[in-house]
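Everything on this sheet refers to the single structure shown next.
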Amino acid sequence: MKKSKIYIEHELNSSSPNIIWNLISTEGGMGLWLADEVGIDDDTLVFIWGEAWQEQEIRKATIIEKQKNNLIRMKWQDDTDPEAFMEIKMVKNELTGSYALEIIDFAEPGEEDDMRGIWEDNFVKLLHSSGL
């Protein structure tokens, strides 16, 4: 089934591209806000939610594009929609010098609001863990 593309933008309180790039492209950075644990092996990202002594959800994504201090785009390896991907892009506000994150993600039809809610929860974790 074809998924719906959703766009989300979130302003950050930072003008440092290096700090933001680390949050969206490294194991430690992504582990602060996207999953409980993130691992990187070449072009494969492994996202783990839950504790080791309980049931965990593990998903793998392949990095399909990465431009330093700009964007990272990945495709879930278990996704059956050939057009679906997830992209996190840094966008600088020229007036303020601060950055925003633009997210492109895909959701099953009827689940767009749920996906936006997941991203909102992720942004709350990002703010609490990084102060941005």
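The first residue of the sequence shown is numbered 1, and numbering continues consecutively from there.
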Revision key, fill the gap. Rounded to the nearest 0.5 Å, the CD1 atom of Ile20 sits from the CG atom of Leu12 at a distance of 5.0 Å

**Study point:** Distance (rounded to the nearest 0.5 Å) between Asp81 CG and Glu108 CD
**Key:** 8.0 Å

**Study point:** Non-hydrogen atoms of Gly97 and Ser15 that approach each other most closely
**Key:** O-CB, 3.1 Å

Review point. Roughly how far, to the nearest 0.5 Å, is the CG atom of Asn69 from the CD1 atom of Ile24?
Key: 8.5 Å

Check your understanding: How long is the span from the CD1 atom in Ile88 to the CG atom in Leu23, to the nearest 0.5 Å?
Key -> 10.0 Å

**Study point:** Test log, rule side chain to side chain contact (heavy atoms under 4.5 Å, CB included), inputs Glu9 and Leu101
**Key:** CA-CA 6 Å; Glu9 184 174 328; Leu101 292 180; over 6 Å; no

Check your understanding: Taking side chain as C-beta onward, heavy atoms only, is Phe85 less than 4.5 Å from Ile64?
Key -> yes

Practice item. Could you walk me through whether Ile103 and Tyr7 pass the side chain to side chain contact (heavy atoms under 4.5 Å, CB included) test, one step at a time? Key: CA-CA 6 Å; Ile103 309 296; Tyr7 299 91; over 6 Å; no

**Study point:** Smallest separation among heavy atoms of Ala84 and Lys3, with atom names
**Key:** CB-CD, 4.2 Å

Practice item. Kindly state each residue pair satisfying side-chain hydrogen bond (donor to acceptor under 3.5 Å, both in side chains) with at least one member in residues 113-132, sequence neighbours excluded. Key: Asp105-Trp119

Check your understanding: Which atom pair, heavy atoms only, marks the closest approach of Tyr99 to Pro17?
Key -> OH-CB, 3.6 Å

Check your understanding: Ion pair present between Glu65 and Arg73, side-chain N to carboxylate O less than 4.0 angstrom?
Key -> yes

Revision key, fill the gap. Rounding to 0.5 Å, atoms CD (Glu87) and CG (Leu71) come to a distance of 5.0 Å

**Study point:** Phe47 side chain near Ile58 side chain, heavy-atom distance below 4.5 Å
**Key:** no

Review point. Is any side-chain heavy atom of Ser4 less than 4.5 Å from a side-chain heavy atom of Phe106?
Key: no

Review point. With sequence neighbours left out, what residues match Glu27 under salt bridge (charged side-chain N to carboxylate O under 4.0 Å, His left out)?
Key: none

Exercise for review: Hey, could you give me each pair passing side-chain hydrogen bond (donor to acceptor under 3.5 Å, both in side chains) that has a residue in residues 16-25? Not counting sequence neighbours.
Suggested key: Trp21-Ser25

Study note, to complete from the structure: Output for pair (Ile40 CD1, Ile63 CD1), nearest 0.5 Å, gives 5.5 Å

Revision key, fill the gap. With sequence neighbours left out, the residues meeting salt bridge (charged side-chain N to carboxylate O under 4.0 Å, His left out) with Lys2 are Glu83

**Study point:** Pairs flagged by side-chain hydrogen bond (donor to acceptor under 3.5 Å, both in side chains) wherever residues 32-60 is involved - sequence neighbours left out
**Key:** Arg59-Asp78

Study note, to complete from the structure: Hits for salt bridge (charged side-chain N to carboxylate O under 4.0 Å, His left out) against Glu111, two or more places apart or cross-chain, chain-then-number order -> none

